[in-house]
Protein chains: 2
Amino acid sequence: MGITKNHIFDDYQNQTALITKVLGHPARISILQHISKNEYCNCNELVKATGLAQPTISQHLSEIKKIKLLKQKNQGKNIFYAIDTELLNQYRRTINDFFVKIQVNCQSKS
Amino acid sequence: MGITKNHIFDDYQNQTALITKVLGHPARISILQHISKNEYCNCNELVKATGLAQPTISQHLSEIKKIKLLKQKNQGKNIFYAIDTELLNQYRRTINDFFVKIQVNCQSKS
DNA sequence: TTATTATAATGTAATATTACAATAAAGATA
DNA sequence: TATCTTTATTGTAATATTACATTATAATAA
C-alpha cells in the first residue's frame with residue numbers, strides 16, 4: 001500500500017501526527033529558525049542560508065503552510081515570510097500536552 | 001534524489017527533526033498512548049487496539065525504538081513494552097524549547 | 001518593451017514510508 | 001517431539017517524500 005490509514009485514528013491522533021510530521025525534517029526546522037530570526041526573510045534568503053535549491057525550499061515552505069504556520073507579506077516581487085506565533089503557541093501546547101499526558105499515564109500505571 | 005541532506009544541518013536541527021519525525025504518524029501516536037495506559041502491553045494488544053496488521057505494528061515499534069523511547073521486558077513468549085519516561089521527558093523539553101526559542105526569536109524581531 | 005528578479009508550478013529521478021502476506025525464530029504447551 | 005503463540009524479518013506493491021532542473025508567472029528596473 002504505502003498510504004496512511006488516517007480514518008482508523010481519531011482527530012487528536014491525526015492532528016498531533018500532522019504537526020510533528022511537518023516539523024520532522026531538518027530543512028523545515030532550519031527554515032523556521034531562520035524566519036524567526038530575520039525580519040524580512042524571503043525564499044532566496046532561505047536558499048542561501050540552507051544551501052538547498054530554490055524549488056526545494058519552495059516545496060518545504062508549502063509543507064509548513066499546510067499547518068498554516070506561515071504568514072506572507074507580498075512586497076513588490078518579494079514575498080516575506082513570518083511565523084504565526086498565535087498558532088505556533090497553540091501547537092506548542094498541543095505537542096507538550098501530548099508528552100505530558102503520556103508521562104502522566106505512565107506514572108498512573110505504577 | 002529523495003534523500004535528506006542531513007550533513008548540511010547541525011546536530012540540533014537533525015535531532016529535533018528526528019524526534020518529531022518519529023511522532024509524525026498517527027499509528028505511532030496511538031501506540032504510545034496505548035502503551036502508556038496499559039501495564040502489560042504487547043504487540044498483539046496493539047494489533048487489536050489499532051486494527052493494523054502485526055507486521056505493520058512491528059515496523060512502527062522499531063521506528064519508535066530508533067529514538068530509544070521503548071523499553072521491553074521479555075516474559076516467556078511475550079514482549080511487554082513500556083515507555084522510557086526519563087527520555088520522554090527529555091524529548092518533551094527539547095521540542096518545547098524549540099517552540100519557545102522560535103517564539104522568543106519572533107518577539108525579539110518586533 | 002525588454003531584461004531582471006523572485007517565487008511558484010511542473011516534471012522527474014532517487015529514495016523512503018506504509019502496509020501487509022508469507023515466513024522465520026524463539027519460547028510455551030500438549 | 002509436535003504444536004501453538006508471539007514477535008521479528010523478508011519481500012513486495014503502492015504511495016509519499018526529497019531534491020532539483022526546467023519552465024511559468026508576476027513584479028520591478030532599465
Side-chain angles (χ1 to χ4, degrees), chain A residues 1-9 13-14 17-31 34-35 38 40-67 70-82, chain B residues 1-9 13-14 17-31 34-35 38 40-67 70-82:
Chain A
M1 314 255 149
I3 190 163
T4 298
K5 291 179 157 183
N6 290 295
H7 61 281
I8 69 175
F9 303 105
Q13 291 163 338
N14 281 314
L18 181 60
I19 297 166
T20 48
K21 187 179 181 181
V22 168
L23 297 178
H25 193 289
R28 294 194 284 268
I29 295 293
S30 174
I31 286 170
H34 205 264
I35 294 178
N38 299 82
Y40 295 104
C41 182
N42 64 2
C43 183
N44 272 349
E45 200 172 305
L46 294 167
V47 170
K48 283 177 217 155
T50 59
L52 290 169
Q54 180 267 318
T56 307
I57 293 297
S58 209
Q59 203 171 292
H60 282 300
L61 286 171
S62 58
E63 286 301 309
I64 303 174
K65 285 177 201 165
K66 278 186 188 169
I67 55 168
L70 290 183
K71 292 188 289 188
Q72 39 184 298
K73 194 179 284 177
N74 294 46
Q75 200 121 59
K77 55 188 169 184
N78 289 283
I79 297 175
F80 295 114
Y81 298 99
Chain B
M1 314 251 151
I3 189 162
T4 298
K5 292 178 156 184
N6 290 296
H7 61 280
I8 70 175
F9 303 105
Q13 292 163 338
N14 281 313
L18 181 61
I19 297 166
T20 49
K21 187 179 181 181
V22 168
L23 297 179
H25 193 289
R28 294 194 285 270
I29 296 294
S30 174
I31 286 170
H34 205 265
I35 293 178
N38 298 82
Y40 295 103
C41 182
N42 63 1
C43 183
N44 272 351
E45 200 172 305
L46 294 167
V47 170
K48 282 177 219 156
T50 60
L52 290 169
Q54 180 268 318
T56 306
I57 293 297
S58 208
Q59 204 171 291
H60 282 300
L61 286 171
S62 59
E63 286 302 308
I64 303 174
K65 285 178 201 166
K66 278 186 188 168
I67 55 169
L70 289 183
K71 293 188 288 188
Q72 40 184 297
K73 194 180 282 176
N74 295 46
Q75 201 121 59
K77 56 187 169 183
N78 289 283
I79 298 176
F80 294 114
Y81 298 99

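Letters A, B, ... are given to chains in the order of the sequence lines, protein chains preceding strands, and every chain is numbered from 1.
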A.B. asks: Looking at every strand, decide which applies to A/N42 at a 4.0 Å heavy-atom threshold: base, sugar-phosphate, or nothing.
C.D. replies: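 Here A/N42 touches the backbone only, sparing every base.
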A.B. asks: Do side-chain atoms of B/T50 reach the backbone of B/L46 as a donor and acceptor pair under 3.5 angstrom?
C.D. replies: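 Checked: pair present.
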A.B. asks: Taking only side-chain nitrogens and oxygens of A/K65, does any of them come within less than 4.0 Å of OP1 or OP2 of C/dA8?
C.D. replies: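 Affirmative; the distance criterion is met.
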A.B. asks: Could a donor-acceptor pair under 3.5 angstrom be found where the side chain of A/Q59 meets the base of D/dC20?
C.D. replies: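 A donor-acceptor contact between them is present.
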A.B. asks: Side chain of A/S58 only, heavy atoms from C-beta on: which candidate in C/dA16, C/dA8, C/dC20 is closest?
C.D. replies: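 Nearest to the side chain of A/S58 among the choices is C/dA8.
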A.B. asks: Using only modelled atom types and a 3.5 angstrom limit, is any donor from either the side chain of B/Q54 or the base of D/dA8 paired with an acceptor on the other?
C.D. replies: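 It does, because a donor-acceptor pair links the side chain of B/Q54 to the base of D/dA8 below 3.5 Å.
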A.B. asks: Within less than 4.0 Å of OP1 or OP2 of D/dC20, is there a side-chain N or O belonging to A/T56?
C.D. replies: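 Answer is yes, contact under 4.0 Å.
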A.B. asks: Starting at NZ of B/K66 and ending at C1' of C/dT18, how long is that distance when rounded to a whole Å?
C.D. replies: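 B/K66 atom NZ is separated from C/dT18 atom C1' by 12 Å.
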A.B. asks: Please figure out whether B/E45 or A/A27 has its closest DNA chain D nucleotide nearer the 5' end.
C.D. replies: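 Looking at DNA chain D, the more 5' nearest nucleotide goes with B/E45.
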A.B. asks: Starting at CD1 of A/I31 and ending at P of D/dT18, how long is that distance when rounded to a whole Å?
C.D. replies: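 Atom-to-atom, A/I31 to D/dT18, this comes out as 11 Å.
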A.B. asks: Can you see which heavy atom on A/I35 is nearest to which on A/Y81, and at what distance?
C.D. replies: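 So the two residues come closest at CG2-O, 3.4 Å.
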A.B. asks: Is any side-chain nitrogen or oxygen of B/N44 closer than 4.0 Å to OP1 or OP2 of D/dT7?
C.D. replies: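 Yes, within the criterion.
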A.B. asks: Please state how far atom CG in B/L70 lies from atom C1' in D/dA8, giving the value in whole angstrom units.
C.D. replies: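 B/L70 atom CG is separated from D/dA8 atom C1' by 15 Å.
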A.B. asks: Tell me whether A/K48 at atom NZ has more than 12 heavy atoms from other residues, nucleotides or ligands lying less than 6.0 Å away.
C.D. replies: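 Atom NZ in A/K48 is not crowded, with 12 or fewer foreign heavy atoms closer than 6.0 Å.
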A.B. asks: Hey, what do you get for CG (A/N6) to CG (A/N14), rounding to the nearest 0.5 Å?
C.D. replies: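 Output value for this atom pair is 4.5 Å.
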A.B. asks: In Å, rounded to the nearest 0.5 Å, how long is the span from CG of B/L61 to CG of B/L70?
C.D. replies: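 Here the interatomic distance stands at 6.0 Å.
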A.B. asks: Could you state the atom-to-atom distance from CZ of A/R28 to C1' of D/dA16 in whole Å?
C.D. replies: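 It is 12 Å, rounded to the nearest whole Å.
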A.B. asks: Using a cut-off of strictly less than 4.0 Å, decide whether B/K77 has a side-chain nitrogen or oxygen near OP1 or OP2 of C/dT29.
C.D. replies: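 No, no such contact exists.
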A.B. asks: Answer with base, sugar-phosphate or nothing: what part of the nucleic acid does B/Y81 contact at a heavy-atom distance below 4.0 Å?
C.D. replies: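 Sugar-phosphate only.
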A.B. asks: When you check the phosphate oxygens OP1 and OP2 of D/dA19, does a side-chain N or O of A/H25 lie under 4.0 Å from one of them?
C.D. replies: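 So the side-chain polar atoms of A/H25 do come within 4.0 Å of the phosphate oxygens OP1 or OP2 of D/dA19, strictly under.
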A.B. asks: Kindly say if A/H60 contacts the phosphate of D/dA19, meaning a side-chain N or O under 4.0 Å from OP1 or OP2.
C.D. replies: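 Checking A/H60 against D/dA19: at least one side-chain N or O falls below 4.0 Å of OP1 or OP2.
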A.B. asks: Could you check which of D/dT18, D/dA8, C/dT7 has an atom nearest any side-chain atom of A/I79?
C.D. replies: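 For A/I79, the side-chain atoms sit closest to C/dT7.
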A.B. asks: In whole Å, what is the span from the OH atom of A/Y40 to the P atom of C/dA6?
C.D. replies: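 For the pair A/Y40 OH and C/dA6 P, the rounded distance is 17 Å.
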A.B. asks: Taking only side-chain N and O atoms of B/K21, does any of them lie within less than 4.0 angstrom of OP1 or OP2 on C/dA16?
C.D. replies: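 For C/dA16, OP1/OP2 do not have a side-chain N/O of B/K21 under 4.0 Å.
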A.B. asks: What integer distance in Å separates A/F9:CZ from C/dT18:P?
C.D. replies: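 Rounded to whole Å, this separation is 11 Å.
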A.B. asks: List for me each residue that meets side-chain hydrogen bond (donor to acceptor under 3.5 Å, both in side chains) alongside B/H34, sequence neighbours excluded, and say none if there are none.
C.D. replies: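 side-chain hydrogen bond (donor to acceptor under 3.5 Å, both in side chains) list for B/H34, sorted by chain: empty.
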A.B. asks: Name the nucleic acid region contacted by B/I57, choosing base, sugar-phosphate or nothing; use a 4.0 angstrom heavy-atom cut-off, strictly under.
C.D. replies: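 It contacts nothing in the nucleic acid.
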A.B. asks: Among C/dA21, C/dA19, C/dA16, which is the nearest nucleotide to the side chain of B/I3?
C.D. replies: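 The answer is C/dA16, which lies nearest to the side chain.
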A.B. asks: Using atom NE2 of A/H7 as one end and atom C1' of C/dA19 as the other, report the distance to the nearest whole Å.
C.D. replies: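 Taking NE2 of A/H7 and C1' of C/dA19, I get 12 Å after rounding.
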A.B. asks: Closest-nucleotide mapping onto DNA chain D: is A/Q75 or A/L52 further toward the 5' terminus? I mean the 5' end.
C.D. replies: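 Looking at the nearest nucleotide for each, A/L52 comes out on the 5' side.
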A.B. asks: B/I8 CD1 to D/dA19 C1': how many Å, rounded?
C.D. replies: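 One finds 10 Å between C1' of D/dA19 and CD1 of B/I8, rounded.
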